Colleague: 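Please read through the structure below; I'll follow up with questions.
Counting begins at 1 with the first residue of the sequence. On a predicted model such as this, the values are computed, not experimentally measured, just so you know. Atoms within each ligand, like the ligands themselves, are counted from 1 in listed order. Heavy atoms only: backbone and side chains are in, while hydrogens, waters and symmetry mates are out.
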Amino acid sequence: MMKRATRKFWQIAFAAILLVVPGFGQSKLPNVVVLATGGTIAGAASSDVQAAYTSGQVGVDQLIAAVPQAKKLATLRGEQISNIGSQDMNDEVWLKLARRVNELAAMPDVEGIVITHGTDTIEETAYFLNLVVKTKKPVVMTAAMRPSTALSADGPLNFYNAVAVAANQAAGGRGVLVVINDWVHGAASLTKTSTTAVQTFLSPLRGLIGTVAYGDAEFYRGPVGRNTLDSEFSLDGVSALPRVDIIEAYENMDGKLIDAAAAAGDKGIVIAGVGNGNMTQAALAALAEESKKGIVCVRSSRVVTGRVGRNVEVDDDKLGLIASEDLSPQKARLLLRLALLRQRSLGDIQRIFQEY
Ligand code: ASP
């Protein structure tokens, strides 16, 4: 029989090992919550080789069960926020999703969050969350170009990689991330560039945050632009977002659509301009008129990459316009909607476009 003093010695020695060797004696996996919103990743078709399919057919538990390998990376539980094609994404789902992410992130036993979404508008939802969720914990979105029933479906590996990144503490503090096709994108940078190709997302100006291969993540840098805890935007007390429309510029454009947007009640208008946020003199004149009436008008570009600079070919100072910097029209629109939650000067709104 072991003497009492010897037993005590070994008890203390074992406790010390538990303290100094991280993870020793604990097989506990990080807790990751999966919030499902729909999209092709949850889509289904009646055959594995057909183009036609319906988004948002598979529920969150089925989606998790389809990738049992992910359970070795994290303890997973799912919640269904919505089950829609992301072409139908709307403010109601956005507000519900953002609030739930904030609630979950505040829970001490939640280490990371994965959000499944459609590819059509994932860049908008990611950027919206990047501006309004208040956490340094990993918040990782993922999606798929092929439905769950397709030959070579891309959803399962994207989901696996997203769980791996969400369970990786090194992913924290990098803003909301989008993991798709082995790449880790920042919310401000990514954009969809192909309607059908699996390799559709690029981060043309700001570059990739990292890569992930079969769960093995490598991070190169943090995101450029204020985000999450560093963002001045919050949804506290917000039940609706101001209306802002996007109008694309083209040859022979007149001011009629700009006037119609103002008549529809827009608080802001974003122009997807040609080149460096340019448009016809007629459109510029209509925009300057609306700016005088208090509608905030932002010049962005229909060109996929490049910055829209202030006072380059257009005299923004004289016409009362805002330059979108490197934000695409769809991201400029949602940043403007958040900025317009309170009264601001044009100078303050331009600062926001420079900082985010
Ligand atoms: N229309 C689909 C969606 O955005 C496309 C996709 O998920 O790839 O929900």
Side-chain angles (χ1 to χ4, degrees), residues 34-64 66-67 70 78-98 100-101 113-130 139-163 165-166 176-185 187-204 212 246 272 304 328-331 333-334:
V34 180
L35 301 179
T37 68
T40 298
I41 194 165
S46 52
S47 118
D48 56 2
V49 283
Q50 71 177 51
Y53 70 97
T54 313
S55 278
Q57 297 298 294
V58 173
V60 64
D61 293 333
Q62 220 181 322
L63 205 143
I64 295 172
V67 194
E79 292 179 22
Q80 196 79 47
I81 297 290
S82 62
N83 211 355
I84 55 176
S86 77
Q87 57 270 45
D88 272 327
M89 193 44 67
N90 56 65
D91 293 356
E92 196 187 326
V93 177
W94 265 9
L95 295 177
K96 181 176 169 189
L97 177 64
R100 191 60 188 143
V101 171
I113 297 166
V114 167
I115 302 166
T116 58
H117 198 285
T119 60
D120 287 356
T121 59
I122 195 171
E123 61 198 87
E124 288 164 66
T125 303
Y127 191 50
F128 175 70
L129 294 176
N130 196 50
V139 177
V140 181
M141 301 189 70
T142 193
M145 287 299 284
R146 295 178 179 149
S148 63
T149 48
L151 191 64
S152 295
D154 52 333
L157 185 53
N158 287 342
F159 181 76
Y160 181 81
N161 281 335
V163 171
V165 172
V176 172
L177 300 173
V178 177
V179 168
I180 189 158
N181 212 29
D182 291 3
W183 283 0
V184 184
H185 298 267
S189 63
L190 93 154
T191 194
K192 188 172 183 177
T193 62
S194 164
T195 53
T196 57
V198 169
Q199 174 51 339
T200 182
F201 285 99
L202 297 177
S203 280
V212 51
I246 300 171
V304 178
S328 61
Q330 56 273 27
K331 288 185 190 169
R333 171 181 174 266
L334 77 89

Colleague: Okay, side chain of Asn158, backbone of Ala144: is any donor-acceptor separation there less than 3.5 Å?
Modeller: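 Looks like no, no N/O pair under 3.5 Å.
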Colleague: Quick check: closest heavy atoms across Gly43 and Ser148, and the distance to 0.1 Å?
Modeller: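 Closest approach of Gly43 to Ser148, heavy atoms only: O-OG, 2.7 Å.
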Colleague: Report yes if the side chains of Lys192 and Met145 come closer than 4.5 Å at any heavy-atom pair, otherwise no.
Modeller: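 The answer is yes, as the side chains (C-beta and beyond) meet within the 4.5 Å cut-off.
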Colleague: Which pair of non-hydrogen atoms, one from Leu35 and one from Leu97, has the smallest distance, and what is that distance?
Modeller: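 Shortest heavy-atom contact: CD1-CD1, 3.9 Å.
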Colleague: Of the options Thr116, Leu190, Ile180, Val178, which is the one that meets Met141 in a side-chain contact (heavy atoms from CB on, under 4.5 Å)?
Modeller: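 When Thr116, Leu190, Ile180, Val178 are each tested with Met141, the side-chain contact (heavy atoms from CB on, under 4.5 Å) holds only for Val178.
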Colleague: At a heavy-atom distance under 4.0 Å, which protein residues reach ligand 1? Sort them by chain and number, would you?
Modeller: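 Residues within 4.0 Å of ligand 1: Gly39, Thr40, Tyr53, Ser55, Gly85, Ser86, Gln87, Gly118, Thr119, Asp120, Ala144.
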Colleague: Compare every heavy atom of Leu334 with every heavy atom of Glu124, then report the nearest pair and how far apart it is.
Modeller: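 Residues Glu124 and Leu334, closest heavy atoms: O-CD2, 3.3 Å.
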